[in-house]
Amino acid sequence: MGGDNHTTVTEFLLLGLSEESEQEELVFGLFLGMYMVTISGNLLIILAISCDPRLHTPMYFFLANLSSVDICFSSVTVPTALVNHMVGSKSISYTECMMQIYFLFTFVTLDNFLLSVMAYDRYVAICHPLHYTLMMRPRVCVLLVAISWVITNLHALLHILLMIRLTFCSHNAVPHFYCDPYLVMKLSCTDTFINHVTYFSEGGMMFMTPFVCIAVSYAYICSKVLKMPSAQGIRKAMSTCGSHLTVVCLFYGAILGIYLHPSSSYSLQDAVASVIFTVVTPMANPFIYSLRNRDIKGALRKIILRS
């Protein structure tokens, strides 16, 4: 925008990950390839679960929801970056930026909640196998997902309402390929104290609550597994949790890589962590589940043979 400090910002400039044209071409190719793999991989997981009656169980119902959210999560940021590169523009309108922030809050938090629900499902399956059908009946599964959607949308609504009350003046350059809410807040020419307090308190609670649920669930699972008499039972129990644990570690590792950095700086390391979080993680999830799961591989094999 212009040099007038009182000019209201109507758009933001997404500077991307590199200012060199050769590197931008490489980044564009990588993003396009990973986005296509993300969409196709997660759609295959959803298709396999939908078409195979053996996979109509709570565990795979939650996995299908996770794949749907991963598609939406990746689609919030990557297409905008790809389109901007193709048209030679770095701009994103104020409205589009706020919408991007809203859906980022929604789908990141929803991913978090679904991973927690999946951990609870594994806890019931291993620690209370005789009551699994009753405790995880279809109505309960749908209710858990619906509650997750409601809470995450209320969470996103709170933060976007606090965001739109801010005034943005002359500075509108975001050193990223999407509207990172923390970086956008730093551009405001009005007081952001309430935003920061809410961002780290309420946001921290929304992050920590599912994480604690996952940790408690796996603490009970480990306690139960250690009491199993046979090695075969232990292997069977852990095989049902291996894929989920891998996804959990990737998800929370990427989050820690983004938010455990000094507030006054934004380095290449932070940018790489953001790429892993927004692009690599949604792409990796279907591979993690399909490569470690015989039922998924069998369902995918049937779909390929039919086609």
Chemist: Check whether any side-chain N or O of His176 sits under 3.5 Å from a backbone N or O of Leu14 as a donor-acceptor pair, and report yes or no.
Modeler: no
Chemist: Please name all residues satisfying ring-ring contact (aromatic ring centres under 6.0 Å, His included) with Tyr102, sequence neighbours left out, ordered by chain then number.
Modeler: none
Chemist: So Phe277 and Phe251, would you call those rings parallel, tilted or perpendicular, with 30° and 60° as cut-offs?
Modeler: tilted
Chemist: Would the distance check show the side chain of Asn112 and the main-chain N or O of Val108 forming a donor-acceptor pair, the cut-off being under 3.5 Å?
Modeler: no
Chemist: Give the cluster check for Leu32 versus Met86: same hydrophobic cluster or not, with ILVMFWY residues linked at side-chain heavy-atom distances below 4.5 Å.
Modeler: yes
Chemist: Is it true that Ile288 and Ile46 fall in one hydrophobic cluster, defined by side-chain heavy atoms closer than 4.5 Å?
Modeler: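 Yes, because Ile288 and Ile46 connect within a single hydrophobic cluster, where side-chain heavy atoms sit under 4.5 Å apart.
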Chemist: If the plane angle is over 60° it's perpendicular, under 30° parallel, otherwise tilted; pick one for His128 and His131.
Modeler: perpendicular
Chemist: For the pair Asp70 (side chain) and Thr38 (backbone), establish whether a donor and an acceptor sit closer than 3.5 Å, ignoring hydrogens and angles.
Modeler: no
Chemist: Flag yes if more than 12 heavy atoms outside Phe207 fall under 6.0 Å of its CZ atom; otherwise flag no.
Modeler: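 Counting neighbours around CZ of Phe207, more than 12 heavy atoms of other residues, nucleotides or ligands fall under 6.0 Å, so yes.
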Chemist: Applying side-chain contact (heavy atoms from CB on, under 4.5 Å), name anything that partners Leu154, two or more places apart in sequence or on another chain.
Modeler: Val150
Chemist: On the 0 to 90° scale, with breaks at 30° and 60°, tag the Phe105-His159 ring pair as parallel, tilted or perpendicular.
Modeler: parallel
Chemist: Rounded to the nearest 0.5 Å, what separation is found between the NE2 atom of His155 and the CG atom of Leu110?
Modeler: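 Output value for this atom pair is 11.0 Å.
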